Amino acid sequence: MSATVETHEAHAHSHEHHHEKESFVSKYVFSQDHKMISKQFLTTAIFMGIIAMMLSVFFRLQLAWPGESFEILNYFLGDRWAPDGVLDRNMYLSLVTIHGTIMVFFVLTGGLSGTFSNLLIPLQIGARDMASGFLNMLSYWFFLVSSVIMVSSLFVETGAAGGGWTIYPPLSALPQAMPSSGLGMTLWLVSMALFIASSLLGSLNYIVTILNLRTKGMKMTRLPLTIWAFLVTAILGVLSFPVLFAAVLLLIMDRSMGTAFYLSDIYVAGEALDPVGGSPILYEHLFWFLGHPEVYIVLLPALGISSEVIATNSRKPIFGYRAMIGSIMAIGFLSFIVWGHHMFMSGMSPFLGSVFVFTTLLIAIPSAVKAFNYITTIWKGNLVFTPAMLFSIGLVSTFVTGGLTGIILADSALDINVHDTYFVVAHFHIVMGLSAIFGMFAGVYHWFPKMFGRMMNSKLGYAHFWMTIVGGYGVFFPMHFVGLAGAPRRYYQYTDYPMFDGVYDLNVLVTTFAIFAAAAQAIFLFNFFWSIYRGQKASQNPWKSNTLEWTTPVEHIHGNWPGAIPVVHRWPYDYSKPGKELDYVPQNVPLTDGEEEH
């Protein structure tokens with residue numbers, strides 16, 4: 001601990017002597033300030049989210065009304081990909097692929113961790129900045145360049161990558177496999193390599209900062225749950241993203257150097273190709289070793305944010321603080337030994353399948369602990385229904401709902417029946433998509449005053465929440481029945497298959513709700529950008545919260561605090577503590593004589 005304090009003091013001392021005047025470029029473009037970098041991540045993620053949402057509406061129009069003409073498709077995609085307003089088959093696959101890729105990696109991963117880890121880690125642990133401002137800046141610029149490359153792949157003549165967001169070989173390994181296996185696929189791989197570099201730089205920085213730069217008194221058992229979630233998320237990223245990088249690297253070699261890591265006895269148009277001896281199953285192992293921890297790389301930050309928001313707005317201590325830490329760590333560990341449940345249909349031996357069933361079901365235990373503790377914290381609380389609180393409660397709802405269908409998919413005997421159908425799509429969109437995006441919205445509404453010094457409009461926030469949760473459930477609840485009817489995912493249209501006649505009306509219903517939910521995001525976008533300039537000016541601690549970020553001035557300054565960094569004396573959840581005049585006690589307030597910490 002003494003070494004930690006010395007390191008921290010040296011870091012603080014170095015900042016006191018570096019108050020150079022910043023130019024526009026150093027302040028807003030190549031900034032090394034964690035607060036500005038968090039805004040850069042957030043605005044980039046919002047832009048990417050708009051693109052991903054538009055793509056999903058485009059391919060949903062085709063699913064609901066197959067073959068019908070829509071002028072909007074021709075307007076955005078042109079005659080090449082939407083002749084006479086009808087979506088091209090290859091572009092349909094590309095839109096599905098790029099929508100999934102952007103949402104998983106560029107919105108939910110980069111948008112959540114990049115934004116809130118950067119904003120909150122130094123502020124909540126009492127540090128002047130990240131351990132390395134330069135690497136932090138580099139992390140954002142790798143992220144931005146990878147985002148630009150991914151979006152630009154949509155404009156390639158042969159189309160963006162179309163093999164699904166998992167990019168299974170051989171579609172991804174053979175440039176001649178289909179039109180969208182060409183340059184668009186190469187750009188996808190280059191973009192992901194840069195994205196992984198960004199994630200690794202960011203994650204290493206987060207871990208070093210949390211472990212070394214905590215202020216005096218900030219013991220690990222006094223860290224806010226947001227920081228615990230960011231720490232475990234960063235560790236997951238450091239351990240799992242290199243595996244995806246290796247998978248991508250081998251794929252590039254198969255595509256361009258004649259190797260055969262993933263190719264075995266391939267025939268194209270009746271012609272046998274030279275590469276033999278590899279196995280596409282190897283790629284599945286490598287991909288899902290990252291792919292399942294990725295679920296929690298997305299979810300854990302959202303759960304950490306909700307812990308903070310729910311405790312603050314319930315005006316109660318978080319229930320089971322140490323159990324929550326234990327469940328975060330257990331989820332992180334278990335996420336590495338469950339990847340096989342994505343591969344029940346790959347020819348896995350029944351015994352090995354049963355092992356993965358067991359480990360996958362185990363993860364329900366720490367997940368249930370978290371849900372139980374959220375509900376218990378809310379129980380008999382003095383609830384304040386801010387938009388952030390509503391989105392956090394919405395997260396608990398979708399986390400539980402999606403978790404229930406997860407039990408079905410964890411069981412190999414049940415999973416095989418709905419494998420690769422819309423049931424799976426509905427499950428992961430609720431448990432991973434909606435939950436994570438709800439956590440992200442909760443974080444934006446809660447910490448907007450800290451980021452921009454102004455308040456967002458709460459009435460617009462309420463409208464945004466109710467339309468989003470109604471739209472979200474309206475999209476994904478009926479989608480379960482589309483999957484139970486056997487409809488496979490990624491099909492361009494079902495009119496050629498009479499057995500799927502029953503899903504047409506459901507597809508119309510799902511698409512209608514998708515458009516409704518997309519319209520709700522316009523409210524958020526207006527509220528967000530309008531409030532940056534015209535929102536009501538925020539006070540220093542508008543939510544009456546205990547954590548250290550609310551002890552900094554509203555006006556952003558280099559180094560976060562104008563003088564000495566506050567010393568921490570208590571945990572962050574002293575709400576409504578008996579004997580106290582106010583219903584909150586900030587972490588930097590010393591304990592009184594005879595007072596127990598918690």
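Residues: numbered from 1 along the sequence shown. Note that this is a predicted model, so its numbers are computed, not measured.
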For [X] and [Y], does a side-chain donor sit closer than 3.5 Å to a side-chain acceptor?
X: Thr401; Y: Tyr473; value: yes
X: Ser38; Y: Thr115; value: no
X: Thr186; Y: Arg255; value: yes
X: Thr109; Y: Glu294; value: yes
X: Asp79; Y: Asn74; value: yes
X: Thr44; Y: Tyr140; value: yes
X: Tyr422; Y: His480; value: no
X: Asp84; Y: Ser69; value: no
X: Thr101; Y: Trp188; value: yes

For the student: nearest non-hydrogen atoms of [X] and [Y], plus distance:
X: Ser531; Y: Met456; value: OG-CA, 3.4 Å
X: Leu263; Y: Ala173; value: CD2-CB, 3.8 Å
X: Gly402; Y: Val431; value: CA-CB, 3.8 Å
X: Val338; Y: Leu334; value: CG1-O, 3.2 Å
X: Gln32; Y: Phe134; value: OE1-N, 3.2 Å
X: Gly67; Y: Gln493; value: N-OE1, 4.3 Å

Residue among Tyr75, Phe76, Trp81 satisfying ring-ring contact (aromatic ring centres under 6.0 Å, His included) with Phe58: Phe76

Worked check of side chain to side chain contact (heavy atoms under 4.5 Å, CB included) between Leu187 and Val156: CA-CA 9 Å; Leu187 291 174; Val156 171; 3.5 Å; yes

Please report the interatomic distance [atom1]([X]) to [atom2]([Y]), rounded to the nearest 0.5 Å.
X: Met348; Y: Met343; atom1: CE; atom2: CE; value: 5.5 Å
X: Ile46; Y: Lys39; atom1: CD1; atom2: NZ; value: 12.5 Å
X: Phe155; Y: Leu77; atom1: CZ; atom2: CG; value: 9.5 Å
X: Met253; Y: Thr259; atom1: CE; atom2: OG1; value: 5.0 Å
X: Tyr262; Y: Ile281; atom1: OH; atom2: CD1; value: 12.0 Å
X: Phe47; Y: Ile102; atom1: CZ; atom2: CD1; value: 9.0 Å

So do the side chains of [X] and [Y] get within less than 4.5 Å of each other, counting heavy atoms only?
X: Leu112; Y: Ile305; result: yes
X: Pro169; Y: Tyr283; result: yes
X: Glu68; Y: Val86; result: no
X: Ser367; Y: Ile331; result: yes
X: Met130; Y: Tyr206; result: yes
X: Phe106; Y: Ser146; result: yes
X: Ser435; Y: Leu395; result: yes
X: His34; Y: Ile37; result: no

Geometric class of the Phe287/Trp165 ring pair [parallel <30°, tilted 30-60°, perpendicular >60°]: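 Ring orientation, 0 to 90° scale: perpendicular.
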
Tyr497 and Tyr491 aromatic ring geometry - parallel, tilted or perpendicular at 30°/60° bounds: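 Tyr491 and Tyr497: tilted rings.
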
Would the distance check show the side chain of [X] and the main-chain N or O of [Y] forming a donor-acceptor pair, the cut-off being under 3.5 Å?
X: His99; Y: Ala52; answer: yes
X: Gln521; Y: Ala517; answer: yes
X: Thr97; Y: Leu93; answer: yes
X: Ser181; Y: Ala177; answer: no
X: His341; Y: Phe356; answer: no
X: Ser139; Y: Ser198; answer: yes
X: Arg80; Y: Glu157; answer: yes
X: Asn205; Y: Leu201; answer: no
X: Thr511; Y: Val508; answer: no
X: Ser203; Y: Leu200; answer: no

Criterion side chain to side chain contact (heavy atoms under 4.5 Å, CB included) on His464 and Asn527, from CA distance to verdict: CA-CA 9 Å; His464 174 221; Asn527 194 6; over 6 Å; no

Chi angles and distances behind the side chain to side chain contact (heavy atoms under 4.5 Å, CB included) call for Ile72, Leu61: CA-CA 10 Å; Ile72 189 173; Leu61 289 175; 4.2 Å; yes

Any chance the rings of [X] and [Y] have centres within less than 6.0 Å?
X: Phe452; Y: Phe528; answer: yes
X: Trp288; Y: His342; answer: yes
X: Phe230; Y: Phe116; answer: no
X: Tyr494; Y: Tyr504; answer: no
X: Phe344; Y: His419; answer: no
X: Tyr296; Y: His292; answer: yes
X: Phe195; Y: Phe142; answer: no

Greater than 12 external heavy atoms within 6.0 Å of Asp505's CG: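 Not more than 12 within 6.0 Å, no.
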
Flag if over 12 foreign heavy atoms under 6.0 Å of OH, Tyr28: no

Check against side-chain hydrogen bond (donor to acceptor under 3.5 Å, both in side chains), Asn90 and Ser180: CA-CA 7 Å; Asn90 287 312; Ser180 53; 5.2 Å; no

Audit row: Phe477, Phe513, side chain to side chain contact (heavy atoms under 4.5 Å, CB included) steps and yes/no: CA-CA 11 Å; Phe477 185 72; Phe513 272 113; over 6 Å; no

